[in-house]
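Worth knowing before you read on, the calculation uses all heavy atoms, side chains too, and leaves out hydrogens, waters and symmetry mates. Predicted model only: the values in this text are computed from it and were never measured.
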Amino acid sequence: GGATGPGLFSFLPCTDEIRVVDMRTITFDVPPQEILTRDSVTVAVDAVVFYRVQDAVSAVCNIDDVKTSTRLLAQTTLRNMLGTKTLAEILGQREEISDAMQQVLDTATDPWGVKVERVEVKDVRLPQNLQRAMAAEAEAHREARAKVIAAEGELSASKA
């Protein structure tokens with residue numbers, strides 16, 4: 001019994017069990033999660049997680065299914081972390097959110113023999129009505145700024 005590396009090895013078919021553990025870096029997409037932000041905006045966010053098994057014995061003995069457990073943990077961590085942020089923070093601090101999420105996942109999966117190498121927040125999708133409202137607000141801001149510039153130009157022209 002015990003863990004063996006690559007190569008030839010012997011085992012007793014009736015008493016020993018072989019579990020093959022892939023120790024290469026594995027990636028998976030976190031499916032889009034509907035998240036209610038701290039400022040009550042619903043956004044759909046998805047991410048990519050890169051991880052690898054560092055300790056095969058822990059991955060086999062301490063948890064039933066490493067892949068599924070890591071995937072579910074990543075989904076809940078994404079929802080929990082982004083639920084405490086405002087929309088502006090999510091849009092502006094994606095790298096910081098990714099780094100914090102990677103540290104939380106790595107700490108949680110350490111007893112399983114898993115090392116989370118990287119987490120990337122891929123896409124933040126806003127509802128269509130919010131996109132239209134933000135575009136209208138930006139257009140109104142540009143128009144107001146144009147009127148101020150035109151008024152300043154007329155004022156300086158009248159003084160000359």
Side-chain heavy atoms of I35 within contact of T42, under 4.5 Å: no

dist N62:CG -> S69:OG (nearest 0.5 Å) comes out at 11.5 Å

Is there any side-chain hydrogen bond (donor to acceptor under 3.5 Å, both in side chains) pair reaching into residues 110-120, and which pairs are they, with sequence neighbours excluded? T25-E117, R52-E117, D106-K115, R118-E120

Which atom pair, heavy atoms only, marks the closest approach of M23 to D55? CE-N, 4.5 Å

Could you give the distance from CG (D29) to CG (D123), rounded to the nearest 0.5 Å? 11.0 Å

So which atom in P111 and which in S58 form the shortest heavy-atom distance, rounded to 0.1 Å? O-CB, 3.9 Å

Hydrophobic cluster membership, V60 vs V53, 4.5 Å side-chain cutoff: yes

Measure from the side-chain N and O atoms of T68 to the backbone N and O of D65, and report whether any donor-acceptor pair falls under 3.5 Å. no

Criterion side-chain contact (heavy atoms from CB on, under 4.5 Å) on L78 and V45, from CA distance to verdict: CA-CA 8 Å; L78 181 67; V45 181; 4.2 Å; yes

Which atom names give the shortest non-hydrogen contact between K67 and I26, and what distance separates them? CE-CD1, 4.2 Å

Which residues share a side chain to side chain donor-acceptor pair (under 3.5 Å) with E17, sequence neighbours left out: R19

Could you grab the distance from atom OG1 of T109 to atom CD of Q54, nearest 0.5 Å is fine? 9.0 Å

Under a 4.5 Å side-chain heavy-atom rule over Ile, Leu, Val, Met, Phe, Trp and Tyr, are I63 and Y51 clustered together? yes

Flag side-chain contact, heavy atom, 4.5 Å: V41 against L36: no

Over all atoms of both residues, closest heavy-atom pair of R94 and V121: NH2-O, 3.1 Å

Within the 4.5 Å heavy-atom criterion, are F28 and F50 side-chain neighbours or not? no

Could you measure the distance from the CG atom of L91 to the CG atom of L126? Nearest 0.5 Å is fine. 6.0 Å

Measuring from atom CG of D99 to atom CD of Q93, what distance do you get when rounded to the nearest 0.5 angstrom? 11.5 Å

Please answer whether the main-chain N or O of T86 pairs with a side-chain N or O of E89 as donor and acceptor at a distance below 3.5 Å. yes

ILVMFWY network linking V119 to M81, side-chain heavy atoms under 4.5 angstrom: yes

Mind checking whether V124 and I97 sit in one hydrophobic cluster, side chains of I, L, V, M, F, W, Y counted as touching below 4.5 Å? yes

Does D39 have any side chain to side chain donor-acceptor pair (under 3.5 Å) partners at least two apart in sequence or in another chain, and if so, which? T37

Is there a continuous path of hydrophobic side-chain contacts, each under 4.5 Å between heavy atoms, that joins L73 to L82? yes

Check whether D46 reaches the backbone of P31 with its side chain - one donor and one acceptor, N or O, closer than 3.5 Å. no

Can you check whether L72's main-chain N or O pairs, donor with acceptor, with T76's side chain at less than 3.5 Å? yes

So how far is it from Q75 CD to T70 OG1, rounded to the nearest 0.5 Å? 11.5 Å

Strictly distance-based, threshold 3.5 Å: is any side-chain N or O of R125 a donor or acceptor partner for the main-chain N or O of A44? no

